[in-house]
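Everything on this sheet refers to the single structure shown next.
Both ligands and their constituent atoms are indexed starting at 1 by order of listing. Remember, it's a predicted structure, so these values are computed and weren't measured experimentally.
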Amino acid sequence: MQDDIDRILFSETQILEGIDRVAREVTGRFADRPFTVVSVLKGSCIFAADLIRRIPIPLELAFVGASSYGGGTVAGDLSVNFFPAGHEIEGRHLLLVDDILDTGRTLQRLKSELLGRGAASVSTCVFLDKPSRRSVELEADLRVFEVEDLFVVGYGLDYAGRYRNLPFVGALRQEIFSAPAQDAPGPGRAT
Ligand code: 5GP
Ligand code: MG
(Lines give C-alpha, C1' and ligand atoms only; values in the text may rest on other atoms or scores of the structure.)
(Ligands and ions follow the chains in the order given, each with its own letter.)
Protein backbone atom coordinates (compact mmCIF):
# COMPACT_ATOMS: atom_id res chain seq x y z
CA MET A 1 0.00 0.00 0.00
CA GLN A 2 2.78 2.44 0.94
CA ASP A 3 4.46 1.74 -2.43
CA ASP A 4 1.46 3.35 -4.16
CA ILE A 5 2.26 6.70 -2.51
CA ASP A 6 4.32 9.20 -4.49
CA ARG A 7 5.09 11.48 -1.54
CA ILE A 8 3.89 12.16 1.95
CA LEU A 9 2.26 15.58 2.35
CA PHE A 10 1.40 15.47 6.07
CA SER A 11 2.93 13.06 8.57
CA GLU A 12 1.05 11.63 11.53
CA THR A 13 2.82 14.09 13.85
CA GLN A 14 2.02 17.11 11.66
CA ILE A 15 -1.61 15.99 11.42
CA LEU A 16 -2.05 15.76 15.18
CA GLU A 17 -0.38 19.16 15.71
CA GLY A 18 -2.73 20.70 13.14
CA ILE A 19 -5.75 19.09 14.77
CA ASP A 20 -4.69 20.37 18.22
CA ARG A 21 -4.76 23.91 16.83
CA VAL A 22 -8.20 23.53 15.23
CA ALA A 23 -9.59 21.78 18.34
CA ARG A 24 -8.64 24.88 20.36
CA GLU A 25 -10.46 27.07 17.82
CA VAL A 26 -13.58 24.88 18.01
CA THR A 27 -13.45 24.95 21.81
CA GLY A 28 -13.32 28.76 21.83
CA ARG A 29 -16.10 29.06 19.29
CA PHE A 30 -18.56 26.73 21.05
CA ALA A 31 -17.61 27.33 24.69
CA ASP A 32 -20.92 29.08 25.39
CA ARG A 33 -23.36 26.78 23.56
CA PRO A 34 -24.08 23.06 23.31
CA PHE A 35 -23.27 21.72 19.85
CA THR A 36 -23.15 18.59 17.72
CA VAL A 37 -20.27 17.48 15.53
CA VAL A 38 -21.73 16.01 12.34
CA SER A 39 -19.15 13.82 10.61
CA VAL A 40 -19.57 13.24 6.87
CA LEU A 41 -19.17 9.50 6.18
CA LYS A 42 -16.98 7.82 5.34
CA GLY A 43 -13.95 10.01 4.75
CA SER A 44 -14.09 12.23 7.83
CA CYS A 45 -14.53 9.54 10.49
CA ILE A 46 -10.84 9.39 11.41
CA PHE A 47 -10.46 13.18 11.51
CA ALA A 48 -13.66 13.53 13.57
CA ALA A 49 -12.46 10.87 16.04
CA ASP A 50 -9.14 12.65 16.61
CA LEU A 51 -10.74 16.11 16.66
CA ILE A 52 -13.46 15.47 19.25
CA ARG A 53 -11.01 13.87 21.68
CA ARG A 54 -9.14 17.18 21.79
CA ILE A 55 -12.23 19.29 22.55
CA PRO A 56 -12.72 19.42 26.34
CA ILE A 57 -16.30 20.81 26.40
CA PRO A 58 -19.66 19.01 26.07
CA LEU A 59 -20.62 17.96 22.55
CA GLU A 60 -22.69 15.35 20.79
CA LEU A 61 -21.70 13.32 17.75
CA ALA A 62 -23.80 12.50 14.69
CA PHE A 63 -23.15 11.27 11.16
CA VAL A 64 -24.40 12.17 7.72
CA GLY A 65 -23.80 10.05 4.61
CA ALA A 66 -23.11 11.42 1.16
CA SER A 67 -22.15 9.47 -1.96
CA SER A 68 -20.85 10.77 -5.22
CA TYR A 69 -21.55 8.72 -8.30
CA GLY A 70 -18.75 8.28 -10.78
CA GLY A 71 -16.04 6.57 -8.70
CA GLY A 72 -12.35 7.21 -9.41
CA THR A 73 -10.94 10.66 -8.79
CA VAL A 74 -13.69 12.73 -10.40
CA ALA A 75 -16.82 13.47 -8.38
CA GLY A 76 -20.14 12.88 -10.11
CA ASP A 77 -23.73 13.49 -8.93
CA LEU A 78 -24.15 13.72 -5.20
CA SER A 79 -26.74 11.87 -3.18
CA VAL A 80 -27.34 12.30 0.54
CA ASN A 81 -28.21 8.84 1.76
CA PHE A 82 -28.16 9.10 5.53
CA PHE A 83 -29.30 11.82 7.93
CA PRO A 84 -29.20 12.14 11.71
CA ALA A 85 -32.61 11.83 13.41
CA GLY A 86 -34.75 15.00 13.41
CA HIS A 87 -34.18 15.67 17.13
CA GLU A 88 -30.40 15.61 16.57
CA ILE A 89 -30.72 18.47 14.07
CA GLU A 90 -33.66 20.68 15.09
CA GLY A 91 -32.61 23.71 17.12
CA ARG A 92 -29.03 22.42 17.44
CA HIS A 93 -25.80 24.23 16.60
CA LEU A 94 -23.99 21.89 14.19
CA LEU A 95 -20.33 21.65 13.26
CA LEU A 96 -20.24 19.84 9.93
CA VAL A 97 -16.91 18.02 9.63
CA ASP A 98 -15.56 16.71 6.32
CA ASP A 99 -12.30 15.23 5.10
CA ILE A 100 -11.64 17.58 2.18
CA LEU A 101 -13.24 20.65 0.66
CA ASP A 102 -12.78 20.38 -3.08
CA THR A 103 -15.42 21.87 -5.41
CA GLY A 104 -17.52 22.67 -2.33
CA ARG A 105 -20.64 20.98 -3.68
CA THR A 106 -20.87 18.36 -0.92
CA LEU A 107 -20.69 20.80 1.99
CA GLN A 108 -22.90 23.37 0.30
CA ARG A 109 -25.60 20.74 -0.25
CA LEU A 110 -25.31 19.27 3.25
CA LYS A 111 -25.33 22.69 4.87
CA SER A 112 -28.54 23.72 3.12
CA GLU A 113 -30.22 20.34 3.84
CA LEU A 114 -29.38 20.59 7.54
CA LEU A 115 -30.57 24.21 7.78
CA GLY A 116 -33.72 23.15 5.90
CA ARG A 117 -34.29 20.49 8.57
CA GLY A 118 -34.21 23.08 11.33
CA ALA A 119 -30.60 23.34 12.56
CA ALA A 120 -30.05 26.53 14.61
CA SER A 121 -26.70 27.06 12.83
CA VAL A 122 -24.29 25.09 10.66
CA SER A 123 -20.55 25.82 10.82
CA THR A 124 -18.03 23.87 8.76
CA CYS A 125 -14.68 22.35 9.60
CA VAL A 126 -12.53 20.49 7.10
CA PHE A 127 -9.33 18.54 7.45
CA LEU A 128 -8.01 19.55 4.02
CA ASP A 129 -8.92 22.46 1.76
CA LYS A 130 -8.15 22.65 -1.98
CA PRO A 131 -9.17 26.26 -2.68
CA SER A 132 -8.00 26.13 -6.31
CA ARG A 133 -10.75 23.61 -7.11
CA ARG A 134 -13.77 25.49 -5.80
CA SER A 135 -16.78 25.67 -8.14
CA VAL A 136 -19.37 27.04 -5.67
CA GLU A 137 -19.16 29.89 -3.19
CA LEU A 138 -18.32 28.16 0.05
CA GLU A 139 -15.40 28.58 2.42
CA ALA A 140 -14.91 26.44 5.51
CA ASP A 141 -15.14 28.22 8.85
CA LEU A 142 -12.22 26.14 10.10
CA ARG A 143 -9.62 24.05 8.33
CA VAL A 144 -6.54 22.12 9.33
CA PHE A 145 -4.42 22.28 6.14
CA GLU A 146 -4.55 23.75 2.66
CA VAL A 147 -3.42 21.42 -0.15
CA GLU A 148 -2.48 21.95 -3.75
CA ASP A 149 -4.52 20.34 -6.52
CA LEU A 150 -3.31 16.75 -6.12
CA PHE A 151 -5.34 13.61 -5.52
CA VAL A 152 -4.54 12.68 -1.95
CA VAL A 153 -5.26 9.57 0.11
CA GLY A 154 -4.83 8.39 3.68
CA TYR A 155 -6.12 9.45 7.09
CA GLY A 156 -9.69 8.62 5.99
CA LEU A 157 -9.38 9.64 2.33
CA ASP A 158 -9.76 6.81 -0.18
CA TYR A 159 -9.15 5.88 -3.75
CA ALA A 160 -11.66 3.23 -4.92
CA GLY A 161 -12.36 2.38 -1.28
CA ARG A 162 -8.73 1.85 -0.28
CA TYR A 163 -5.98 3.71 1.59
CA ARG A 164 -8.27 5.18 4.28
CA ASN A 165 -6.21 3.39 6.92
CA LEU A 166 -2.89 5.05 6.10
CA PRO A 167 -1.94 7.15 9.16
CA PHE A 168 -0.55 9.99 7.00
CA VAL A 169 -1.77 11.95 3.95
CA GLY A 170 0.02 11.26 0.68
CA ALA A 171 -0.28 11.92 -3.02
CA LEU A 172 -1.19 8.78 -4.93
CA ARG A 173 1.19 7.77 -7.71
CA GLN A 174 -0.17 8.81 -11.10
CA GLU A 175 -0.02 5.20 -12.47
CA ILE A 176 -2.46 4.03 -9.81
CA PHE A 177 -5.33 6.22 -10.86
CA SER A 178 -4.61 6.29 -14.57
CA ALA A 179 -4.59 2.44 -14.79
CA PRO A 180 -7.94 0.71 -15.43
CA ALA A 181 -9.41 -0.34 -12.05
CA GLN A 182 -8.94 -4.08 -11.35
CA ASP A 183 -11.77 -4.44 -8.86
CA ALA A 184 -13.52 -1.13 -9.07
CA PRO A 185 -16.32 -0.50 -6.58
CA GLY A 186 -19.93 -0.07 -7.70
CA PRO A 187 -21.06 3.22 -9.21
CA GLY A 188 -21.87 4.82 -5.85
CA ARG A 189 -19.10 5.48 -3.40
CA ALA A 190 -19.24 7.00 0.01
CA THR A 191 -17.31 10.24 0.18
P1 5GP B 1 -16.55 18.40 -3.16
O2 5GP B 1 -18.04 18.16 -3.09
O3 5GP B 1 -16.07 19.49 -2.26
O4 5GP B 1 -16.07 18.54 -4.57
O5 5GP B 1 -15.89 17.05 -2.78
C6 5GP B 1 -15.72 16.59 -1.57
C7 5GP B 1 -15.45 15.09 -1.62
O8 5GP B 1 -14.70 14.69 -2.80
C9 5GP B 1 -14.57 14.76 -0.48
O10 5GP B 1 -15.33 14.54 0.70
C11 5GP B 1 -13.86 13.53 -0.97
O12 5GP B 1 -14.64 12.39 -0.75
C13 5GP B 1 -13.73 13.74 -2.46
N14 5GP B 1 -12.38 14.27 -2.81
C15 5GP B 1 -12.07 15.48 -3.31
N16 5GP B 1 -10.74 15.63 -3.49
C17 5GP B 1 -10.20 14.46 -3.08
C18 5GP B 1 -8.84 13.97 -3.01
O19 5GP B 1 -7.84 14.63 -3.34
N20 5GP B 1 -8.69 12.71 -2.52
C21 5GP B 1 -9.74 11.94 -2.13
N22 5GP B 1 -9.45 10.70 -1.67
N23 5GP B 1 -11.01 12.35 -2.18
C24 5GP B 1 -11.23 13.60 -2.65
MG1 MG C 1 -15.50 12.86 1.99
### Query
Can you list the ligand 1 atoms lying under 4.0 Å from a non-hydrogen atom of D98?
10 (O)
#### Entry: Heavy-atom side-chain proximity of R54 to R24 below 4.5 angstrom
no
### Message
With heavy-atom distances below 4.0 Å as the criterion, list the atoms of ligand 1 near D158.
### Response
21 (C), 22 (N)
### Query
Within a reach of under 6.0 Å around CD of E175, are more than 12 heavy atoms found that belong to other residues, nucleotides or ligands?
yes
### Query
With a 4.0 Å cut-off on heavy atoms, does F151 reach ligand 1?
yes
### Message
Yes or no: does G104 have any heavy atom under 4.0 Å from an atom of ligand 1?
### Response
yes
## Note on the structure
One finds that the ligand 1 atoms under 4.0 Å from a non-hydrogen atom of T106 are 1 (P), 2 (O), 5 (O), 6 (C)
### Message
Under a 3.5 Å cutoff, is there a donor and acceptor pairing between the side chains of S132 and D149?
### Response
no
### Check: V152 N/O within less than 3.5 Å of ligand 1 N/O
yes
### Message
So, using side-chain contact (heavy atoms from CB on, under 4.5 Å) as the criterion, who are the partners of I15 when residues are at least two apart?
### Response
F10, I19, F127, F145, Y155, V169
### Query
Is there a heavy atom of K130 sitting under 4.0 angstrom from any atom of ligand 1?
yes
### Message
Looking only at side-chain N and O atoms, does R133 offer a donor or acceptor that is under 3.5 Å from a partner on T103?
### Response
no
### Numbered atoms of ligand 1 (with element) below 4.0 Å of L150, judged on heavy atoms
19 (O)
### Task
Can you sort out which atoms of ligand 1 are near L157, meaning under 4.0 Å from one of its heavy atoms?
21 (C), 22 (N), 23 (N)
### Which residues share a side-chain contact (heavy atoms from CB on, under 4.5 Å) with R109, sequence neighbours left out
L78, V80, E113
### Task
Pick, from I100, D149, L110, the option with the minimum heavy-atom distance to atom 24 (C) of ligand 1.
I100
### Query
Would you say the side chain of L16 lies within less than 4.5 Å of the side chain of D50, judging by non-hydrogen atoms?
yes
